[in-house]
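Notes to accompany the following structure.
We use all heavy atoms of the structure for the numbers below, so side chains are in, but hydrogens, waters and symmetry mates are not. Note that this is a predicted model, so its numbers are computed, not measured.
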Amino acid sequence: MPSVVYLLGLTIFSLTTAEFMVAGMMPSLAQALGVTIGEIGYLISLYALGMAIGGPLLTALLLALRMPHKRALVWLLVLNVAGAVLAAMASDYLTMAVARVVMGVASSACIGVSLTLCAALVAPDARGRAASFVLGGLMLAPVVGVPITALIEQHFGWRASFWAVAMLAMACTAIVAARVPATESQHPVRLGPEVRALFNGSLWAAYATSGLIIGATFTAFTYFSPIFTQITGFSVSAVPWLLAIYGCANVIGNLVVGRYADRYTLPILALGLAVLGTALATFALGVQHAVVGVGAFLAIGLSGVSLNPAMVARVMRAASPGPLVNTMHASIITAGIALGTWAGGMTIDAGYGLRSPLWVGTSFAALGLLSLVPYLRRDRGAPTPAAR
């Protein structure tokens, strides 16, 4: 695996850490900016909104300008650094909100272009495995990056935490500019073919499955802390350890799936969704028992977000792995996170209890499995790259 692939993984790690770091310092940010905890929570939503809407638009603009992929990634990382510096210097909520939107827009486009570069650096039958290393940064951010930023905030203040992320982003930008090779595959591409690639039923079926997988996963992950503390009976001090175990399961699942995603794309997705749905239902039914609850939570970690390499491999086979196709995929995944979080919260607010998001996630996983059925049949009868 080319060393640049690991560098791209570090870049994704810095972007994803920036996305979720707010969750670890909500009280201090609320006090510093003079707003409520809920308004600080919106900073995560604004980042996601920038990813979901602004990312594809910015990618389309870069394609219209016929900018080579490496140059595009460097400029996108510079934009991300600008947003990170603005956030670190913010003295009011509006400035912080603008900074988060800018970072979200840059993040989505960076992920799309990074996956495109990754696909260009390896053989077609190794794209899923390479993607697993690039997306490994996404897996590590919640369990390594976010706790570190929270620790920095506790000892040196929230600005120091934001400056640390900005410095990491600067370092990634400099290394990408110096180390990513200027290969022929990075010649300018036109917007027209990229847009036409989106008019593909198999591609949107792959997008839909990805959104349902991530939506199902985040209905559990978003609310796991109150579920474990209020139903299972764990103490608040146990939550970081549960998060660390879940993160380890993510990393292991990502590496295993990445190794086989190129050869067994659809079977892995089908098996993963079956395990995910079963784990979510088991979590809902047996969460009052610590062993059952933790076991189910681990199974969700092994089968949910860990399916990312197979999801990426399917998208790259359904359409040419251009930056707009990959950025749209990142946007759909972000929409899945938002949908899962919103649907789970809505059932809680409706009075169905803390277990209700787990049943929402189970239904999402079932829908995801159903979305694969036509393609599993086609793949069994006449396997083609587009069908996989």
Using the test side-chain hydrogen bond (donor to acceptor under 3.5 Å, both in side chains), find all partners of [X] that sit at least two apart in sequence or belong to another chain.
X: Thr209; value: Arg314, Ser371
X: Thr95; value: Asp92
X: Ser235; value: Ser237
X: Gln230; value: none

Ring pair (Phe, Tyr, Trp, His ring centres under 6.0 Å) partners of residues 156-179, not counting sequence neighbours, each pair once: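 Output for this query lists Trp158-Phe162.
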Ignoring hydrogens and angles, write down the donor-acceptor pairs under 3.5 Å from the side chains of residues 78-86, residues two or more places apart or on other chains.
none

Who passes ring pair (Phe, Tyr, Trp, His ring centres under 6.0 Å) against [X], sequence neighbours left out?
X: Tyr47; answer: none
X: Tyr260; answer: none
X: Tyr246; answer: Phe221, Phe297

Remaining members of the apolar cluster that contains Trp359, side-chain heavy atoms under 4.5 Å: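 Same cluster as Trp359: Leu285.
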ILVMFWY cluster membership beyond Val291 - transitive side-chain contacts under 4.5 angstrom: none
Ser306 (side chain) donor-acceptor with Gly301 (main chain) under 3.5 angstrom: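 Yes, because the side chain of Ser306 sits within donor-acceptor range (under 3.5 Å) of the backbone of Gly301.
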Side-chain donor/acceptor pairs under 3.5 Å, residues 362-369, sequence neighbours excluded:
unit_1: Thr362; atom_1: OG1; unit_2: Ala281; atom_2: N; d: 3.4
unit_1: Thr362; atom_1: OG1; unit_2: Leu358; atom_2: O; d: 2.8
unit_1: Ser363; atom_1: OG; unit_2: Val360; atom_2: O; d: 2.6

